[in-house]
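Being a predicted model, the structure only gives us computed values, none of them experimental. Values below: all heavy atoms of this structure, side chains included; hydrogens, waters and symmetry mates excluded.
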Amino acid sequence: MARLKQIIFTLFFAIGILPTIANAACLAVADDAQITLSEAEIQSLSQISFGREQVFEALYNTSEFETGGCWATPVGNFDAQTLSVGVLQWNYGQNSLQDLMIAYRASFATPELFNQEIATIMPNYGAVAFAEDCLVIPFTITCKEKLLAAHGADGKLNPTIKSEYEALFNSTPMRQVQTSKFIEFLGGLKPKLNLLFGENPTQLQTKWGIDIAIQQGFVRYNDAQGVSQPAFLNPADAAAIRALYVPLDREMKTKRMLSAIRWYSGLCGGIYQGVTTEICNYNIKSWCAVVVRGVTDEQFDLFELTYVRSRIAQGQSGRWQANAFSRRAKIVLNTGRVGTNALPLPRGVRKTRRCNSMLI
């Protein structure tokens, strides 16, 4: 269905009617020949084993959690961020949206061309969205008041401003800006990936790091000079974890991984966890099948790091620990379910009853 939707959008764009449709519809995140990557961006991506294909795959995977797979999905002040929009749900509350708006405006050759485009796709709220009080960091109370005035009594964006921000973020120039901003975000992950995985992180390690950064952010540790630095995991903790499994043979590694799945099952069976019984059971059965079949050293390492990092997910008093674990385990083991998005068992892996006692 998503592929069919993208084909339909491509056809509409070719015949010049996409802007009308984009006002009211989700445009699925996908590669588009009109979006270009500079040589500098390609070089930056190569340092984390990524290329164009991996960028758009990562953009889509990220958007599944943030926007339901869409380029825009504007939402209102339900989370006290005033207005959020785009693949990473950039917003005014955290002052992360202004740079995209400024970059979009700068992408036009002249102010006249910019004004002409905005008059077409944002006739009612373009003046508000690109007013200086909404572009400064931090954004001003006057901007906030104007945006909050565009909310309905239900606390949601009114249909007009929602459709106009959707049209803006579905447009080719803004999708270009979003892609470039995402690549900039990936570049910022490189030192943290190097710290944990060495100079040449693999695609799997990079995908794992992207998902942690987006959902859980970073932990802090003091470097050799005593300066606080961000990381995926405290380097001393990572070294201690890895030292513990150096002497383990395959059988013991399997037992350790099954114990972590048992921990996940315990979370699922408790209260105040952001998961469902159906999702948990799908994951338990799928992960168990892969673990029993056998995993690579890289998968084992990432799985154990996932287990440790998920245990310190503290949002809402730990409510999202099971969700954090399932997101990364799905990436590492290439199977599992988060929300409505399910990955089947990898080819050649068969179901097993070995973990049935862990089912909820």
Side-chain angles (χ1 to χ4, degrees), residues 47-50 54 58 186 188-267 283-284 286-314 318 320-336 346 349 355 358:
Q47 297 179 32
I48 55 172
S49 302
F50 261 39
Q54 287 73 39
L186 295 181
L189 296 184
K190 184 179 183 300
K192 302 168 187 67
L193 290 166
N194 293 156
L195 182 67
L196 195 57
F197 303 118
E199 277 302 307
N200 298 296
T202 66
Q203 286 185 16
L204 182 59
Q205 289 166 340
T206 298
K207 291 175 182 177
W208 180 89
I210 291 170
D211 202 59
I212 277 197
I214 290 172
Q215 189 192 31
Q216 285 188 265
F218 307 108
V219 299
R220 307 293 302 190
Y221 77 100
N222 290 333
D223 64 16
Q225 288 72 44
V227 179
S228 178
Q229 301 285 359
F232 294 119
L233 202 66
N234 186 312
D237 292 339
I241 294 163
R242 286 165 169 164
L244 288 172
Y245 67 66
V246 166
L248 301 182
D249 59 17
R250 175 174 171 174
E251 181 181 0
M252 285 306 300
K253 286 183 175 181
T254 298
K255 289 182 177 179
R256 294 289 185 263
M257 294 180 77
L258 292 179
S259 291
I261 296 175
R262 191 173 295 110
W263 167 82
Y264 169 79
S265 173
L267 287 176
N283 287 336
I284 291 167
S286 299
W287 298 337
C288 184
V290 172
V291 169
V292 170
R293 167 71 182 271
V295 300
T296 66
D297 289 343
E298 179 184 41
Q299 286 177 304
F300 179 79
D301 179 65
L302 288 171
F303 188 87
E304 293 304 316
L305 296 180
T306 295
Y307 169 58
V308 173
R309 186 64 206 274
S310 300
R311 284 159 39 197
I312 56 174
Q314 297 302 313
W320 301 102
Q321 289 181 358
N323 178 269
F325 183 78
S326 62
R327 280 178 60 157
R328 254 69 78 199
K330 177 172 175 279
I331 291 171
V332 173
L333 301 180
N334 195 31
T335 186
V349 178
C355 291
M358 301 184 199

Begin with the C-alpha distance, continue with both residues' side-chain angles, and end with the deciding distance and a verdict on side-chain contact (heavy atoms from CB on, under 4.5 Å) for Leu305 and Arg242. CA-CA 9 Å; Leu305 296 180; Arg242 286 165 169 164; 3.7 Å; yes
Using the rule ring pair (Phe, Tyr, Trp, His ring centres under 6.0 Å), only one of Tyr221, Phe197, Phe218 pairs with Phe232; which is it? Phe218
Could you tell me which non-hydrogen atom of Ser326 sits nearest to which non-hydrogen atom of Asn323, and how far apart they are? OG-O, 2.8 Å
With Asn200 via side-chain contact (heavy atoms from CB on, under 4.5 Å) - residues at least two apart: none
Kindly indicate whether the side chain of Asp211, heavy atoms from C-beta on, has any atom under 4.5 Å from the side chain of Ile331. yes
Decide yes or no for Ile48 and Leu189: does some side-chain heavy atom of the first lie under 4.5 Å from some side-chain heavy atom of the second? no
Do side-chain atoms of Ser49 reach the backbone of Pro201 as a donor and acceptor pair under 3.5 angstrom? yes
For Arg311, the side chain to side chain donor-acceptor pair (under 3.5 Å) test, sequence neighbours excluded, returns none
Check step by step if ring pair (Phe, Tyr, Trp, His ring centres under 6.0 Å) holds for Trp287 and Tyr264. CA-CA 11 Å; Trp287 298 337; Tyr264 169 79; 4.8 Å; yes
Verdict with reasoning, Leu302 to Glu298, per side-chain contact (heavy atoms from CB on, under 4.5 Å): CA-CA 6 Å; Leu302 288 171; Glu298 179 184 41; 4.1 Å; yes
Roughly how far, to the nearest 0.5 Å, is the CD1 atom of Ile261 from the SG atom of Cys288? 5.5 Å
If I compare all heavy atoms of Leu267 with all of Ala322, which pair ends up nearest, and what's the gap? CD1-N, 3.8 Å
Assess the residue pair Glu304 and Met257 against the criterion (side-chain contact (heavy atoms from CB on, under 4.5 Å)); give the C-alpha distance rounded to whole Å, side-chain angles, the decisive distance to 0.1 Å, and a yes or no. CA-CA 7 Å; Glu304 293 304 316; Met257 294 180 77; 3.8 Å; yes
Under the rule for side chain to side chain donor-acceptor pair (under 3.5 Å), what residues qualify as partners of Gln314, not counting sequence neighbours? none
Test item: Ser286 side-chain N/O and Asn283 main-chain N/O as donor-acceptor pair under 3.5 Å: no
Distance from Thr254 atom OG1 to Met252 atom CE, nearest 0.5 Å? 9.5 Å
Checking Thr306 now: which residues fulfil side-chain contact (heavy atoms from CB on, under 4.5 Å) with it, not counting sequence neighbours? Trp208, Ser310, Phe325, Arg328, Val332
Which heavy atom of Val349 sits nearest a heavy atom of Val290, and at what distance? CG1-N, 4.0 Å
Contact summary for Gln215 and Ala324, nearest pair of heavy atoms: OE1-CA, 3.3 Å
Under the rule for side-chain contact (heavy atoms from CB on, under 4.5 Å), what residues qualify as partners of Lys253, not counting sequence neighbours? Leu248, Asp297, Phe300
Look up atom CG in Leu186 and atom CD1 in Ile210, then write down how far apart they are to the nearest 0.5 Å. 4.5 Å
Any donor-acceptor N/O pair, Gln216 side chain to Arg309 backbone, under 3.5 Å: yes
Those residues that, when tested against Lys330, pass salt bridge (Lys or Arg N to Asp or Glu O under 4.0 Å) (two or more places apart): none
Would you give the length of the straight line joining atom OG1 of Thr206 to atom NZ of Lys190, rounded to the nearest 0.5 angstrom? 10.0 Å
Within this structure, what is the CG-CD1 distance for the pair Leu233 and Ile312, rounded to the nearest 0.5 Å? 6.0 Å
Do you know the tightest heavy-atom contact between Pro230 and Arg220? CB-NH1, 3.7 Å
Mind checking the CD1-CE spacing from Ile284 to Met358? Nearest 0.5 Å is all I need. 7.5 Å
side-chain contact (heavy atoms from CB on, under 4.5 Å) evaluation trace for Val295 with Leu333: CA-CA 8 Å; Val295 300; Leu333 301 180; 4.0 Å; yes
Shortest non-hydrogen contact between Ala238 and Leu196, atoms and distance: CB-CD1, 3.6 Å
State, with a plain yes or no, whether a side-chain heavy atom of Ile241 is found less than 4.5 Å away from one of Leu244. no
